[in-house]
Amino acid sequence: MEYVSPEGLRLDGRRPMEMRQIRAEIGAVAKADGSAVFEMGNTKVISAVYGPREVQNWSQQISDKALVRCEYSMANFSTGDRMRKPKGDRRSTEISLVIRQTMEACIMTHLMPRSQIDIFVQVLQADGGTRSACINAATLALADAGIPLQDLVTSCSAGYLNSTPLLDLNYVEDSAGGPDVTVGFLPKLDKVTLLQMDSKLSLDLFENVMQLAIEGCKAVANYIREALASFVL
């Protein structure tokens, strides 16, 4: 299948290095301390943050920093796959762990000892890049909750199809079986907090694809800063 036309256009009309349209809404869940809806193209995610608050399970309390918990789920109506597994399956558990570890890299947990921060993310509509959209939604929700962050952690993916590096893969491109790199990035600190790759790439191609994903992360960070600034105003 041809994923990039001779004219240099992808199946959805984008250029290889062009991101999907980004949209965000802050304060989507009234009873949460912080919440956000984040969209990357047709992928739509909602996130809610509760805390910092008292640790519910005393045995999990950490004396010198906050306990961060994360729960990822995918709404049954988010894809056309009627066999979607319920919350708590192996994939959901793995993604919950990935998101938690990525968010812990930016939360200043040492400022909130013996407390708990709960992050909930749910995919409402899936069209590729759900992991990245979840991280971006969680970042916005944490900022909305006033949780102290050392930087905004953002995420984007890039892949390699038809001998062409592609930024921000949609579901069709993601399902093509080619190399796919997902990056979590702290732009001010210039630090990678998440790096996952499906399939193999030569070192020089990997560096190109990874750098493309980082540029996507920086673009998302700029958008999130503007969204937060306009919300404050």
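Just so you know, these numbers come straight off a predicted model, no measurement behind them.
Between V153 and I135 the shortest heavy-atom distance is O-CG2, 4.1 Å. Shortest non-hydrogen contact noted between F38 and A24 is CD1-CB, 4.0 Å. Across all non-hydrogen atoms, the minimal contact from S63 to P113 is O-CB, 3.2 Å. When all heavy atoms of I26 and A227 are compared, the closest pair comes out as CD1-O, 3.9 Å. Heavy atoms only, all atoms of each residue included: S132 and T182 are closest at OG-CG2, 3.6 Å.
By the side chain to side chain donor-acceptor pair (under 3.5 Å) test, E18 pairs with no residue at all, sequence neighbours left out. For S175, there are no side chain to side chain donor-acceptor pair (under 3.5 Å) partners two or more places apart in sequence or in a different chain. With sequence neighbours excluded, the residues forming a side chain to side chain contact (heavy atoms under 4.5 Å, CB included) with M17 are L212, listed by chain and number. Evaluation of the side chain to side chain contact (heavy atoms under 4.5 Å, CB included) rule for Q116 yields R53, V55, Q56, L67, R69, D118 as partners, not counting sequence neighbours. Applying the side chain to side chain contact (heavy atoms under 4.5 Å, CB included) criterion to N57, with sequence neighbours excluded, gives S59, Q60.
Salt bridge absent: R91 and E94 never bring a charged side-chain N and a carboxylate O closer than 4.0 Å. In this structure, R14 pairs ionically with D12, as a charged nitrogen and a carboxylate oxygen lie closer than 4.0 Å. Remark: R100 engages E104 in a salt bridge, criterion side-chain N to carboxylate O under 4.0 Å.
Here the side chains of T193 and Q101 are not in contact, with every heavy-atom distance at 4.5 Å or above. Side-chain contact check for P16 versus L167: every heavy-atom pair is 4.5 Å or farther apart.
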Check the pair S202 / D204 against side chain to side chain donor-acceptor pair (under 3.5 Å), numbers first and verdict last. CA-CA 6 Å; S202 62; D204 57 333; 2.7 Å; yes
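Residue pairs meeting the side-chain hydrogen bond (donor to acceptor under 3.5 Å, both in side chains) criterion with at least one member in residues 29-51, sequence neighbours excluded, are R23-E39.
With N170 contributing its side chain and G128 its backbone, the two residues share no donor-acceptor pair below 3.5 Å. Side chain of D180 to backbone of D198: no donor-acceptor contact under 3.5 angstrom is found. When atom types are taken as modelled, the side chain of T130 and the backbone of A126 share no donor-acceptor pair closer than 3.5 angstrom.
No continuous path of ILVMFWY side-chain contacts below 4.5 Å connects V183 to L189, so the two sit in separate hydrophobic clusters.
Results of the side-chain contact (heavy atoms from CB on, under 4.5 Å) test with M103 over I119, T109, V49 single out I119 as the only residue that passes.
In this structure, Y3 places its OH atom where more than 12 heavy-atom neighbours from other residues, nucleotides or ligands lie under 6.0 Å away.
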